[in-house]
Amino acid sequence: MLYLSIFLVVNSEYLSYRINIKKQSFDKIFWQIMRMEENLNKGDALRVNGAFAAPTILIAKGKVELSENIDIMAKQFLEKINVEKNPFLKKTV
């Protein structure tokens, strides 16, 4: 499973985020379609994040107020990922 999160601090007021996800099996399908199955034996950096790879899927976006307590913000964000990934995983079994 690959998670890609994009963050942007806006006007020092809030954090805007996008959470993307994909299963590595999507890359397997991609390389088979591209007739480049030899890339399935390469490292994850090429298979999952390479210049040619299956795209990630947006599962959540939003914004949160900035806080001095970064640990709490990080914990809340990780909880958000865990909540949002379950419907995606159920749809793509």
Side-chain angles (χ1 to χ4, degrees):
M1 192 71 54
L2 169 76
Y3 297 97
L4 170 67
S5 299
I6 302 168
F7 305 94
L8 175 65
V9 175
V10 180
N11 297 329
S12 298
E13 296 173 12
Y14 62 90
L15 178 81
S16 175
Y17 65 86
R18 297 173 62 89
I19 303 170
N20 292 31
I21 189 173
K22 79 170 166 177
K23 292 182 176 180
Q24 285 185 317
S25 60
F26 293 177
D27 289 305
K28 182 177 181 181
I29 295 166
F30 175 81
W31 291 120
Q32 288 173 332
I33 291 170
M34 297 301 292
R35 297 179 189 217
M36 298 174 72
E37 288 92 346
E38 67 275 6
N39 285 337
L40 294 171
N41 299 322
K42 304 292 184 185
D44 285 344
L46 172 69
R47 290 181 56 216
V48 178
N49 297 322
F52 299 103
T56 58
I57 297 168
L58 178 68
I59 59 169
K61 63 181 179 179
K63 62 182 181 180
V64 294
E65 288 187 34
L66 290 178
S67 167
E68 292 295 322
N69 193 331
I70 295 172
D71 291 334
I72 289 175
M73 286 182 68
K75 182 179 177 184
Q76 289 172 341
F77 187 75
L78 292 173
E79 288 171 358
K80 177 79 170 165
I81 290 174
N82 283 327
V83 167
E84 296 294 340
K85 75 177 181 182
N86 291 329
F88 170 78
L89 293 175
K90 287 179 183 175
K91 288 181 191 175
T92 60
V93 173

Nearest 0.5 Å please: distance from the [atom1] atom of [X] over to the [atom2] atom of [Y].
{"X": "Leu15", "Y": "Leu66", "atom1": "CG", "atom2": "CG", "result": "6.0 Å"}
{"X": "Ser5", "Y": "Lys80", "atom1": "OG", "atom2": "NZ", "result": "12.0 Å"}
{"X": "Asn20", "Y": "Ile59", "atom1": "CG", "atom2": "CD1", "result": "7.5 Å"}
{"X": "Lys63", "Y": "Leu8", "atom1": "NZ", "atom2": "CG", "result": "11.5 Å"}
{"X": "Asn82", "Y": "Phe77", "atom1": "CG", "atom2": "CZ", "result": "11.0 Å"}
{"X": "Ile19", "Y": "Thr56", "atom1": "CD1", "atom2": "OG1", "result": "11.5 Å"}

| Any link between Met73 and Leu78 through a network of hydrophobic side chains (Ile, Leu, Val, Met, Phe, Trp, Tyr) touching at under 4.5 Å? | yes

| request: Group every Ile, Leu, Val, Met, Phe, Trp and Tyr by side-chain heavy-atom contacts under 4.5 Å, then state whether Phe7 and Ile81 land in the same group. | output: yes

| Nearest heavy-atom neighbours spanning Glu84 and Ala60 | CG-CB, 3.6 Å

| said: Tell me whether the count of non-hydrogen atoms from other residues, nucleotides or ligands lying under 6.0 Å of CD in Glu79 goes above 12. | reply: yes

| task | Quick one: do Val64 and Gln76 satisfy side-chain contact (heavy atoms from CB on, under 4.5 Å)? Show the steps, please. | result | CA-CA 10 Å; Val64 294; Gln76 289 172 341; 5.7 Å; no

